[in-house]
Amino acid sequence: MEPADGDAGIDLAELLAAFSLATDLGLGQPMEHVLRSWRIAERLAERMELPEDERQALFHVSMLGWVGCIADSPEVAASFGDDIAFRADSYEVDLAGPAGFGFFLRRAGRGGALWHRFRVASTLLASGGQHVVQGMQSHCVTTSALAERLELGPGVARALRQFFTRWDGRGVPHGVGGADIAPTIRLLHLADVVEVRYRTGGIEGAVEVARARRGRQFAPDVVDAFVAHAPEVLSGNGIDLPRLRPLTQGELDSALEALADFTDLRCATRAGHSRGVAELAGAAARSIGLPTADVIATRRAGLLHDIGLHGVPVTVLEQPGPLSATDWERVRLSSYHTERVLARPAALARPGAIAAMAHERMDGGGYHRGLSGAALPMTGRVLAAACAYRAMLEPRAHRAALSDKQAVLAVREAIRAGALDGDAAEAVLSAAGNGTRRRVSGPAGLTPREVEVLVLISRGAQTGEVAERLGISRKTAGTHIERIYTKTGASSRSTATLFALRNGLLDPLDL
């Protein structure tokens, strides 16, 4: 495996920016809303001469401010229906005072039966919206906890706990307002809203909402700076990320684990799902003999494979009955969103492309591309098997969790039906401690070492190069090649390469 202190080829800013694209999905906003909000806040910070350390903290706060919406999504959905639509609509209203309370009442129990809507509205009135306040508190605590896990500093964590404060003190925590609010939060409060209004109503609309909420939700000095410089603060398309901290391989893995844990908070039944899939997929990829880079990428893909679910409402994910065609399409699109969110940083693009294959099937019956056979690389086959097996062990809204024995039987039935790759699925079962009916190996009985050799010669390596790359003698390398030809029925390097392609051992992402 690669050394934990080796350069991961990605800066912390790039990682947070990528994750912010998933947050955009959960807010019901176009991708890069969070990034554009930061750019607005950053330009205002420059004009207001915010100290350099606060400006760096501003990026962290902007990227993570809305992450906590994951934590309260189930509660939001239970009270207000589609959590994504609820958040998207909330940008149109000042949520304090009569207008805000009216917004909550109109949304109460949305999508449910009349009796459910009445009950939610009654509870809202009787409690004065106390459960809404509790959701906001949970959001802030969760977000600050993530900042601590990412080691962003106590100042960032403290600021994030003030995310739902207001200048007039009528936010959460109640009574915290004015100059007690961190400067970064004061800037973000305005930037988050005016970015949306600028897209829907131009500069005039953005200035109008800023003035309307001056001294209420927004700090007066921030509003004044914005109004004075609105055209230049809002203009432009490009976003240049700051350079924060290059991540080591170990730091990247730790950060991805943290983000995976937070992604799984979207549904209570999914807690620990991504981390569990990652461990199974990584162990299975290693046992099959995939190259080290593929093992690492497959494990990271397991951590990331559900990030696109930020774009699927909890009401869909927790639907106890059959999904409508529209809802099913939103689920299918989650894999596409996973790939798009992770497409840009090179260090995430490869695991992101693998992550998007988590729901593909060998017979073409999966999503979102409907890949089949040789079009699905072994990395994707392993991830698909790991995700399927792990999900079977977890309860879902439409079924109870399967026992381990039932899950093993279901996986092997999927192998017989041609949905899961036999080698990949058996490797996953072995990694889970279930043993196998046959020794875990690569296709045609290739050993892990022979798989490594086959991959190398398929990519053009000569016998001497194979020996050098793997730290073995030339004679041993030659023996491996002869055995590969015998086991696969290949008669030349070309036919061996075709075998590797057909069995998913040559990842198209590398070609």
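Here the CZ atom belonging to Phe218 is positioned 14.0 Å from the CZ atom belonging to Arg186, to the nearest 0.5 angstrom. If you take CD on Glu14 and CG on Asp11, they are separated by 5.5 Å, rounding to the nearest 0.5 Å. To the nearest 0.5 Å, atom CZ of residue Arg396 and atom CD of residue Glu318 are 8.5 Å apart. Here the straight-line distance linking atom CZ of Arg43 with atom CD of Glu232 works out to 9.0 Å at 0.5 Å rounding. Distance check, rounded to the nearest 0.5 Å: OG of Ser37 to OH of Tyr198 gives 13.0 Å. Within the model, atoms OG1 of Thr379 and CG of Leu290 stand 7.5 Å from one another, a figure rounded to the nearest 0.5 Å.
When all heavy atoms are compared, the tightest approach of Ile185 to Phe163 is CD1-CA, 4.2 Å. Across all non-hydrogen atoms, the minimal contact from Ala355 to Thr338 is CB-CG2, 3.8 Å. The minimum heavy-atom distance between Gly236 and Arg39, with the atom names listed, is O-NH2, 2.9 Å. In plain terms, the two heavy atoms of Arg211 and Val227 that are nearest each other are NH2-CG1, 3.3 Å. Of all heavy-atom pairs between Leu342 and Gly352, the closest is CD1-CA, 3.6 Å.
Checking Arg110 against Thr315 by side-chain atom types alone, no donor-acceptor pair falls below 3.5 Å. Side-chain polar atoms of Ser274 and Asp264 form a donor-acceptor pair below 3.5 angstrom.
Side-chain atoms of Glu251 come within 3.5 Å of backbone atoms of Thr248 as a donor-acceptor pair (strictly under, hydrogens ignored). A donor-acceptor pair is defined here as one N or O able to donate and one able to accept, closer than 3.5 Å; such a pair exists between the side chain of Asp24 and the backbone of Glu32. Of the possible donor and acceptor atoms, one in the side chain of His139 sits under 3.5 Å from a partner among the backbone N and O of Gly65. The backbone N or O of Arg106 sits less than 3.5 Å from a side-chain atom of Arg117, completing a donor-acceptor pair. Gln162 places a side-chain N or O within 3.5 Å of a backbone atom of Ala182 that can act as its donor or acceptor partner. A donor-acceptor pair is defined here as one N or O able to donate and one able to accept, closer than 3.5 Å; such a pair exists between the side chain of Arg266 and the backbone of Val312. A donor-acceptor distance shorter than 3.5 angstrom exists from the side chain of Gln249 to the backbone of Asp7, with no hydrogens or angles considered. Counting only distance, with no hydrogens or angles, the side chain of Arg299 and the backbone of Gly282 share no donor-acceptor pair below 3.5 Å. When atom types are taken as modelled, the side chain of Ser79 and the backbone of Val76 share no donor-acceptor pair closer than 3.5 angstrom.
Ring centers of Tyr367 and His359: under 6.0 Å apart, within the cut-off.
A 6.0 Å sphere centred on CZ of Arg344 holds no more than 12 heavy atoms belonging to other residues, nucleotides or ligands. By the 6.0 Å contact criterion, CG on Asp53 is enclosed, its count of non-hydrogen atoms from other residues, nucleotides or ligands being greater than 12.
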Margin query: Test salt bridge (charged side-chain N to carboxylate O under 4.0 Å, His left out) on Arg170 and Asp94; report intermediate values, then the result.
Written below: CA-CA 11 Å; Arg170 299 178 67 186; Asp94 184 344; over 6 Å; no

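With contacts defined as side-chain heavy-atom distances shorter than 4.5 Å, the pair Tyr91/Gln29 qualifies. Side-chain contact check for Leu64 versus Leu150: some heavy-atom pair is nearer than 4.5 Å. By the 4.5 Å heavy-atom criterion applied to side chains, Leu125 and Leu105 are counted as neighbours. In this structure the side chain of Val277 never reaches within 4.5 angstrom of the side chain of Asp306, judged on heavy atoms. Here the side chains of Asp168 and Gln217 are not in contact, with every heavy-atom distance at 4.5 Å or above. Two residues are said to be in side-chain contact when any heavy atoms from C-beta on lie closer than 4.5 Å; Arg213 and Val193 meet this criterion. Leu50 is not listed as a side-chain neighbour of Leu44, based on a closest heavy-atom distance of 4.5 Å or more. At least one side-chain heavy atom of Leu12 sits under 4.5 Å from a side-chain heavy atom of Leu152.
Using bins of under 30°, 30° to 60° and over 60° for the plane-to-plane angle, the ring pair Phe104/Phe80 lands in the tilted bin.
A side chain to side chain contact (heavy atoms under 4.5 Å, CB included) with His368 is found for exactly one of Glu339, His337, Glu329, namely Glu339.
With sequence neighbours left out, the side-chain contact (heavy atoms from CB on, under 4.5 Å) criterion links Arg149 to Ala258, Asp261, Phe262, Arg275.
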